[in-house]
Number of protein chains: 2
Amino acid sequence: MKTSKTSRRQAAIASFMQAMREEMRLSILWGNAAAGLAGINPTDAITMIFLNEVGEATAGQLAKITGLTTGAMTAAIDRLESAGLAARKVDPHDRRKVIVKAIKMPTQLSALRRTVTKELEDTLLHYSETELLRFIDMKNITNAFLKRCINLYDDKHVRSFMNSRTKP
Amino acid sequence: MKTSKTSRRQAAIASFMQAMREEMRLSILWGNAAAGLAGINPTDAITMIFLNEVGEATAGQLAKITGLTTGAMTAAIDRLESAGLAARKVDPHDRRKVIVKAIKMPTQLSALRRTVTKELEDTLLHYSETELLRFIDMKNITNAFLKRCINLYDDKHVRSFMNSRTKP
DNA sequence: TATAGTATCTTTATCGGTAAAGATACTTTA
DNA sequence: TAAAGTATCTTTACCGATAAAGATACTATA
């Protein structure tokens with residue numbers, strides 16, 4: 001019995017979703033494991049990695065990026081500040097805002113990133129650059145999809161700052 | 001000035017990692033948002049989705065799958081049980097173990113899955129089945145990579161049960 | 001078959017996150 | 001410019017997660 005084209009498509013899409021769910025679960029596990037390796041709590045790790053990329057951001061932006069409440073972010077910044085990893089300063093243009101500036105990257109996180117990069121290079125060894133670029137395109141597509149799902153949840157919550165970072 | 005082949009590769013790999021990090025962050029956000037939509041806490045949602053796929057699992061297996069401590073899983077199972085979503089029973093072959101059995105899927109989670117599936121179908125509308133299959137392959141590769149990273153953290157922690165589910 | 005060792009779940013103290021209210025500061029409008 | 005409205009961070013009460021210790025049951029070894 002021959003399978004129809006559309007049902008094969010649906011089966012492919014179902015497999016795709018299954019793989020995405022698996023990836024989501026693993027991502028969370030890995031986030032926690034990585035933070036554990038670095039001896040830092042997962043939230044603080046994500047915050048520092050992000051801060052390290054952008055240099056500085058407001059407390060509110062960090063809350064949106066990490067998906068935490070502003071209250072939790074206040075506490076996280078307290079921890080980072082007392083660990084000497086980041087510092088607060090008031091935004092001179094808007095004194096309600098608190099700008100958080102990265103001071104230094106926890107050395108274990110940097111070391112971990114090097115290890116993981118090496119591991120990923122080994123994994124991707126047998127793929128051509130063209131294939132890699134196609135993979136990246138595809139990741140961007142699913143990331144856009146995830147963003148739409150998240151916006152489906154709350155239109156104003158994440159969109160503004162997130163889009164401003166990842167569009168280009 | 002011409003860019004060397006290896007440095008282009010490294011740039012592609014760096015972009016790839018960047019996209020993976022973004023995807024991890026979005027995955028966590030979406031997990032929480034989805035649970036919020038379903039009116040259930042994220043841990044309970046992940047546990048129920050998993051239980052729904054496999055039918056039943058021990059408390060320890062659920063802890064490993066979700067990345068929670070066994071203590072947290074005890075509390076989660078208490079919640080699920082008192083909400084009538086799952087039930088405990090003692091493993092007759094090993095009375096230390098507690099087997100957790102899915103009773104029913106929260107209706108909001110099922111509804112949400114249908115919505116998201118539709119959304120994903122729209123997203124993938126213009127890709128051929130062949131391309132979809134290539135995407136799935138690639139997801140499986142990165143998932144295997146994530147698993148290796150996690151095992152790097154703790155060899156005995158996650159591996160056994162996780163591998164037994166996803167190898168075939 | 002005792003005994004020691006290991007595995008599995010539960011309990012408890014502490015910590016991190018959420019939600020909601022509070023304190024300031026900016027913005028709009030009359 | 002005064003008042004009302006909105007935005008941003010902090011505080012607080014409660015809840016969920018962790019880590020470590022406890023309770024029970026299986027396993028290996030003499």
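Just so it is clear: chains get the letters A, B, ... in the order the sequence lines come, proteins before strands, and each one is counted from 1.
Qualifying salt bridge (Lys or Arg N to Asp or Glu O under 4.0 Å) partners for A:Glu81, counting only residues two or more places apart in sequence or in other chains: A:Arg88. In this structure, the side-chain contact (heavy atoms from CB on, under 4.5 Å) partners of B:Ala72, at least two apart in sequence or on a different chain, are B:Leu68, B:Thr69. Shown here are the side-chain contact (heavy atoms from CB on, under 4.5 Å) partners of B:Lys101, two or more places apart in sequence or in another chain: B:Glu56, B:Lys89. Applying the side-chain contact (heavy atoms from CB on, under 4.5 Å) rule to A:Asn52 yields the partners A:Met105; only residues at least two apart in sequence or on another chain are considered. For B:Glu131, there are no salt bridge (Lys or Arg N to Asp or Glu O under 4.0 Å) partners, not counting sequence neighbours. By the side-chain contact (heavy atoms from CB on, under 4.5 Å) test, A:Arg9 is found to be paired with A:Ile13, B:Leu124, B:Leu132, residues two or more places apart in sequence or in another chain being considered.
For the pair B:Thr70 and A:Thr70, nearest-nucleotide mapping onto DNA chain C gives the more 5' position to B:Thr70.
Taking a cutoff of 4.0 Å between a charged side-chain nitrogen and a carboxylate oxygen, A:Asp122 and A:Lys118 qualify as a salt bridge.
Whole-Å rounding puts the B:Asp78 CG to C:dC9 P distance at 13 Å. The distance between atom CD1 of B:Ile77 and atom P of C:dT11, rounded to the nearest whole Å, is 12 Å.
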Anything under 3.5 Å between a protein N or O and an N or O of nucleotides 16-18 of chain C, put it in a table, one pair a line.
| from | atom 1 | to | atom 2 | distance (Å) |
| --- | --- | --- | --- | --- |
| C:dG17 | OP1 | A:Thr43 | OG1 | 2.4 |
| C:dG17 | OP2 | A:Arg79 | NH2 | 3.3 |
| C:dT18 | OP2 | A:Thr69 | N | 3.0 |
| C:dT18 | OP2 | A:Thr69 | OG1 | 3.2 |

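DNA chain D is contacted by B:Asp94, B:Arg95, B:Arg96 of residues 86-105 of chain B, taking any non-hydrogen atom closer than 4.0 Å.
The list of ring pair (Phe, Tyr, Trp, His ring centres under 6.0 Å) pairs with a residue in residues 92-145 of chain A, not counting sequence neighbours, reads A:Tyr127-A:Phe135.
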